[in-house]
Amino acid sequence: MQLGSLAIEVSGLAKSYGSVQAVKDVSFTVSAGECVAILGPNGAGKSTTVEIIEGFRTRDSGEVRVLGQDPALADGHWRARLGIVLQECGFEGFLKVREVLQLHARYYPAPRAVDEVLALCQLSEKADARVLRLSGGQRRKLDVALALIGDPELIFLDEPTTGFDPIARQAFWSVINDLRALGKTVVLTTHFLDEAEALADRLVLIIDGCVAATGTVHEIRSRSQGATVKFEFPRGLSVDAHNEFITLCTSLRASMLNPQEAGLRTNQPTLALAHLTAWAAKRKMELSNLRVERPTLEDIYTAMVREASTQGSRI
Amino acid sequence: MKVTGVHAPVMMHQFVAEQKMFWREPTGAVFTFAFPLFFLTIFAELFNRDRAVMQKFTPTMIAFGIITACFTNLVILITIRRETGVFKRKRTTPLSMHALLGGLVASVVLVAIVLCMVLTLIGAVFYHVRPTHSPLALLMALTLGAACFCALGVMVANVTPSVEAAPAVAQGVLYPIAFISDSFIKAPSRSVIRRVASIFPVRHFNDAVIAAFGHGQFAWRHYAVLMVWTVGGVALAARKFRWMPRLS
């Protein structure tokens, strides 16, 4: 596959279960070699969308192309080019870890070496343990190992690090980055925004069956110009000084945080900071813990989901 | 197609993996062997080890052993693999339905062969039962029976809703039919029970194995009934096969 060509094209995708419209109108693309994270609250249609792309579910309408094929009509050739990490999928528990990997390696025309994949997924020590005896985190690693054994060019990861400890997560992220360095395309669904931020080139946010936002992490973050300036009021702050602060906020068109917390929300943090420090200097006050906070991806995501759900409830 | 062209070797690996799992999983292996061995030895004592009776009862238990090894095991194993998502995972790979089921069927058939040999050996050593010297008819009856009950096992597994229900469905289908089909007690000739039983494959399988076991006789009418059930079973088994668990 050429770099820059499309690995996935989805347009106007819709799917209902009975009277419930799980996916209403989803369109997005993923370029070859790109890592895209699909985000969204539970029940937003994220899993249904991904399962249609993976070829597990049929769609009601819309166009889907994955590696140039319609997943609904896909064959073994197409599946050999994909690696899929599913949620909660059973194992052949009475086989050993190495045996399961060897068995799956036989399914593919050009698999990776079993020992290499064991090492990559940090399972070398458990190679001769029966799958039944693995912990939750180790099973998740085996899920990933099984998805990689066929040396796929397109990899789907459905909440891959659920149940991982922080060290294992970091290690997993480096596995994904290694795959990306090899030019693999990665589609990730996750609830962890730091994971999306660490791994993904682009985000696709699905809310209520539709794509609510798409873009790079930077693009989505810059949708919000706002910043929060925070500090702590000095002890024994006079009523006068407090009133001055309120006036200052009004003149800056900044909104105050709740009365207990000292701080303000503004679209012009530099100007706000200048006025604030001038006010403090004039009153000879030291503003302890003074800081400017940009909203995190998580803040923006939470705000968007909330906004969408209040709009939804108005209808 | 290249990928599906590698059917046979993949099926072989699938078969080997299934064999490992079968013998490592204690309950399945124990129960597959326990029931036919238990019935053979208990009934032998009830019949005072009468040689003439055992000459017919041993092949009946061989037939019953094939049915439990093939039918019961397939209903339970396929349902477990599907409902726990093992099949769903296989669906993410190029593995075909034929290779997946082929390996599983080959595995239970090998178990059935081992069970047949154990039952024959026990019959010969303890009850002086003499199998035929011309085994062609016996091979034919056993092969047709194994094929039939494998097909029916896959078919019933397809409509079994859950792991919890699987043993109950398998036994609930098998035992009533086995009881009216002379597997344990001989029904009076020309009774209603006999006529009902003649619809199902179990009695035909029993009679075919008895005829072949003692005298090497071919029982074409019984073979024909088994083949009809096999064809029906295979058609439904292939059409209704599901990779996905029910609640997914």
Side-chain angles (χ1 to χ4, degrees), chain A residues 17 47-48 50-51 53-58 71 74-96 98-111 130-133 139 142-152 154-158, chain B residues 1-30 73 76-100 102-104 107 162-163 166 242-248:
Chain A
Y17 301 111
S47 294
T48 303
V50 173
E51 288 191 338
I53 299 170
E54 291 168 342
F56 279 118
R57 289 189 190 283
T58 55
D75 59 2
H77 272 306
W78 180 80
R79 287 200 177 85
R81 299 165 68 194
L82 261 58
I84 304 180
V85 177
L86 294 159
Q87 287 185 62
E88 290 175 35
C89 239
F91 292 104
E92 287 128 323
F94 284 90
L95 292 182
K96 293 171 186 168
R98 183 192 303 281
E99 289 171 340
V100 179
L101 276 166
Q102 279 168 342
L103 179 65
H104 275 247
R106 310 280 192 191
Y107 301 158
Y108 294 91
R130 285 192 186 175
V131 175
L132 275 176
R133 307 254 172 255
R139 283 178 191 218
L142 183 55
D143 279 329
V144 176
L146 287 170
L148 300 183
I149 192 73
D151 198 16
L154 170 59
I155 299 155
F156 290 96
L157 304 160
D158 199 358
Chain B
M1 269 202 321
K2 211 167 85 200
V3 173
T4 48
V6 292
H7 258 356
V10 173
M11 196 186 290
M12 190 66 202
H13 294 298
Q14 203 59 34
F15 162 75
V16 172
E18 288 294 347
Q19 274 293 300
K20 281 181 188 164
M21 285 187 277
F22 184 84
W23 299 108
R24 283 176 193 173
E25 206 272 298
T27 47
V30 167
N73 269 325
I76 294 172
L77 289 175
I78 289 176
T79 306
I80 291 175
R81 300 279 154 76
R82 183 188 63 233
E83 296 303 318
T84 59
V86 172
F87 282 1
K88 184 177 180 185
R89 186 194 302 281
K90 301 290 181 192
R91 192 60 178 150
T92 70
T93 74
L95 181 68
S96 68
M97 177 190 81
H98 295 102
L100 176 72
L104 193 50
S107 173
S162 66
V163 173
R242 290 186 287 138
W243 295 89
M244 304 291 268
R246 191 170 52 126
L247 299 172
S248 161

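Quick note on labels: first sequence line is chain A, next is B, and so on, each numbered from 1. What you see is a predicted model, and the numbers here were worked out from it, not measured in a lab.
- Panel note: side chain B:Arg24, backbone A:Phe94; a donor-acceptor pair is recorded below 3.5 Å.
- From B:Leu95, atom CG reaches atom CG of A:Leu103 across 8.0 Å, with rounding to the nearest 0.5 Å.
- Heavy-atom neighbours of B:Arg242 CZ from other residues, nucleotides or ligands within 6.0 Å: above the threshold of 12.
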B:Lys90 and A:Tyr107: CA distance, side-chain angles, deciding distance, side chain to side chain contact (heavy atoms under 4.5 Å, CB included) verdict: CA-CA 9 Å; B:Lys90 301 290 181 192; A:Tyr107 301 158; 2.8 Å; yes

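- Checked by atom type and distance alone, the side chain of B:Arg89 pairs as donor or acceptor with a backbone atom of A:Cys89 at under 3.5 Å.
- Contacts of A:Glu99 with chain B are made by side-chain atoms alone, with heavy-atom separations under 4.5 Å and no backbone atom involved.
- Contact check for B:Thr92 versus A:Leu86: side-chain heavy atoms found under the 4.5 Å cut-off.
- Highest contact tally toward chain A, considering only B:Val86, B:Ile80, B:Val16, B:Thr84, is held by B:Val86 [criterion: heavy-atom pairs under 4.5 Å].
- Heavy atoms of A:Phe56 lying under 4.5 Å from chain B belong to its backbone as well as its side chain.
- Summarising the geometry of A:Leu95 relative to B:Lys20, their closest heavy-atom pair is CD2-CB, 4.0 Å, with the distance given to 0.1 Å.
- Neither the backbone nor the side chain of B:Glu83 comes within contact range of chain A; no heavy atom of the residue lies under 4.5 Å from a heavy atom of that chain.
- For a residue to count as touching a neighbouring chain, one of its non-hydrogen atoms must lie under 4.5 Å from one of that chain's; by this rule A:Leu146 touches chain B with the side chain only.
- Between chain B and the residues A:Gln102, A:His104, A:Glu92, A:Glu54, the largest count of heavy-atom pairs under 4.5 Å involves A:Glu92.
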